[in-house]
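Below you'll find the structure, written out as structure tokens, and then a few comments.
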Amino acid sequence: MELAMDLAGVFFFAMSGSLLAARRGFDIVGSLMLGACVGLGGGILRDLIIDQGVPNAFASPVYLLPPVLATVLVYRFAASEHRYRNALTTFDAAGMALFCIGGTKIALAAGLNPVAAAVLGLISAVGGGVIRDVVANEDPQLFHPRGLYAIAALLGAGLTSAASSVGWLNAATGLAIAVLVFALRMLSLYYRWEIPLAGRTARRGEPVVTPR
């Protein structure tokens with residue numbers, strides 16, 4: 001079950017990377033590389049932090065299949081740029097929802113305390129997306145004020161850690177948490193919920209300038 005969830009998360013994230021590559025006009029090799037970066041990046045960061053040895057992405061060849069499948073599907077079926085954008089957001093939200101849970105569970109299994117495990121779940125959920133956007137020269141979704149991204153992932157990781165602490169974490173509760181995180185992310189985009197800016201007096205898109 002955990003392997004299936006992990007692979008599903010890799011696939012959803014890889015789809016977001018391949019869709020971004022298509023939107024940016026990359027070739028099919030670039031699509032595969034970007035899909036692999038986002039699909040595997042968060043898991044690699046997670047495995048390195050908990051010092052489990054060789055990351056799962058390199059220890060098990062099955063983790064390479066979702067990025068390949070995502071590349072083929074985007075090449076075969078992707079259509080307009082408008083659809084790229086909508087589908088990218090949806091797949092990214094789905095991957096984040098699964099990774100915040102899977103990352104937290106793996107951290108707990110490695111012996112981390114509940115708070116540290118939730119933080120690592122957050123890193124797992126957003127790390128791949130940051131790598132994807134930086135490689136593609138896009139502003140990372142993590143830093144966009146519109147839409148709940150890190151907050152949704154942290155909520156999912158925190159709920160997973162709390163449920164595990166009281167013995168309530170199972171397939172059903174894990175799925176419920178994933179659905180909640182996904183719904184929260186998508187609703188925040190649909191209704192244009194915004195996070196307060198770092199500087200209260202700054203305008204949208206303008207930096208706060210401090211006099212010398």
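Sequence positions, counted from 1, serve as the residue numbers for this chain. What you see is a predicted model, and the numbers here were worked out from it, not measured in a lab.
Here the straight-line distance linking atom CG of N56 with atom CG of D47 works out to 4.5 Å at 0.5 Å rounding. Going from atom CZ of F182 over to atom CG of L187 covers 9.5 Å, rounded to the nearest 0.5 Å. Note that CZ of R146 and CD of E194 are 5.0 Å apart. Values are rounded to the nearest 0.5 Å. Atoms CG and CG, from L159 and L180 in turn, are 6.5 Å apart once rounded to the nearest 0.5 Å.
Here the side chains of P140 and V134 are in contact, with some heavy-atom distance below 4.5 Å. The shortest side-chain heavy-atom distance between R24 and E138 falls under the 4.5 Å cut-off. L3 has its side chain within reach of Y63: a pair of non-hydrogen atoms, C-beta onward, lies under 4.5 Å apart. Two residues are said to be in side-chain contact when any heavy atoms from C-beta on lie closer than 4.5 Å; I123 and R46 fail this criterion.
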Ignoring hydrogens and angles, write down the donor-acceptor pairs under 3.5 Å from the side chains of residues 9-21, residues two or more places apart or on other chains.
| unit_1 | atom_1 | unit_2 | atom_2 | d |
| --- | --- | --- | --- | --- |
| S16 | OG | F13 | O | 2.6 |
| S16 | OG | R132 | NH1 | 2.8 |
| S18 | OG | A14 | O | 3.3 |
| S18 | OG | S31 | O | 3.4 |
| S18 | OG | S31 | OG | 3.2 |

Expected list for residues 109-116: side-chain donor-acceptor pairs under 3.5 angstrom, two or more places apart:
| unit_1 | atom_1 | unit_2 | atom_2 | d |
| --- | --- | --- | --- | --- |
| N113 | OD1 | V115 | N | 3.1 |
| N113 | OD1 | A116 | N | 2.8 |

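Linking ILVMFWY residues whenever their side-chain heavy atoms come closer than 4.5 Å, directly or via other members, leaves L189 and F143 in distinct clusters. Each of F26 and M33 belongs to its own hydrophobic cluster when Ile, Leu, Val, Met, Phe, Trp and Tyr are linked at side-chain heavy-atom distances under 4.5 angstrom. Under a hydrophobic clustering in which Ile, Leu, Val, Met, Phe, Trp and Tyr are joined whenever their side-chain heavy atoms come within less than 4.5 Å, directly or via other members, L32 and L40 fall into different clusters. Hydrophobic clustering of Ile, Leu, Val, Met, Phe, Trp and Tyr side chains at less than 4.5 Å, counting indirect connections, unites L155 with Y190. Connection of L65 to V68 is not established within any shared hydrophobic cluster, with ILVMFWY side chains joined at heavy-atom distances below 4.5 Å, either directly or through further cluster members.
Nearest heavy-atom pair across P145 and L197 is CB-CD2, 4.1 Å. Between G147 and S188, the shortest heavy-atom contact is CA-OG, 3.4 Å. In terms of heavy atoms, A152 sits closest to M96 at CB-CE, 4.1 Å. When every heavy atom of A118 is checked against every heavy atom of A157, the shortest pair comes out as O-CB, 3.3 Å. Closest of all the heavy-atom pairs between V181 and A97 is CG1-CA, 3.8 Å. When all heavy atoms of A8 and L98 are compared, the pair lying nearest together is CB-CD1, 3.7 Å.
At least one donor-acceptor pair closer than 3.5 Å links the side chain of S165 to the backbone N or O of S161. Side-chain N or O atoms of S164 include none that pairs as donor or acceptor with a backbone N or O of T160 at under 3.5 Å.
Q141 and R185 share a donor-acceptor pair across their side chains, judged by distance under 3.5 Å alone. Under 3.5 Å, the side chains of T173 and N170 contain a donor-acceptor pair of N or O atoms.
Dense packing is recorded around CH2 of W193, with more than 12 heavy atoms of other residues, nucleotides or ligands lying under 6.0 Å away.
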Can you check side-chain contact (heavy atoms from CB on, under 4.5 Å) on Y149 and H144, steps first, answer last?
CA-CA 8 Å; Y149 196 74; H144 286 189; over 6 Å; no
Between I106 and L120, does a side-chain contact (heavy atoms from CB on, under 4.5 Å) hold up when you go through it step by step?
CA-CA 9 Å; I106 290 174; L120 188 54; over 6 Å; no
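A salt bridge is absent between K105 and D6: the closest approach of a Lys/Arg side-chain nitrogen to an acidic carboxylate oxygen does not fall below 4.0 angstrom.
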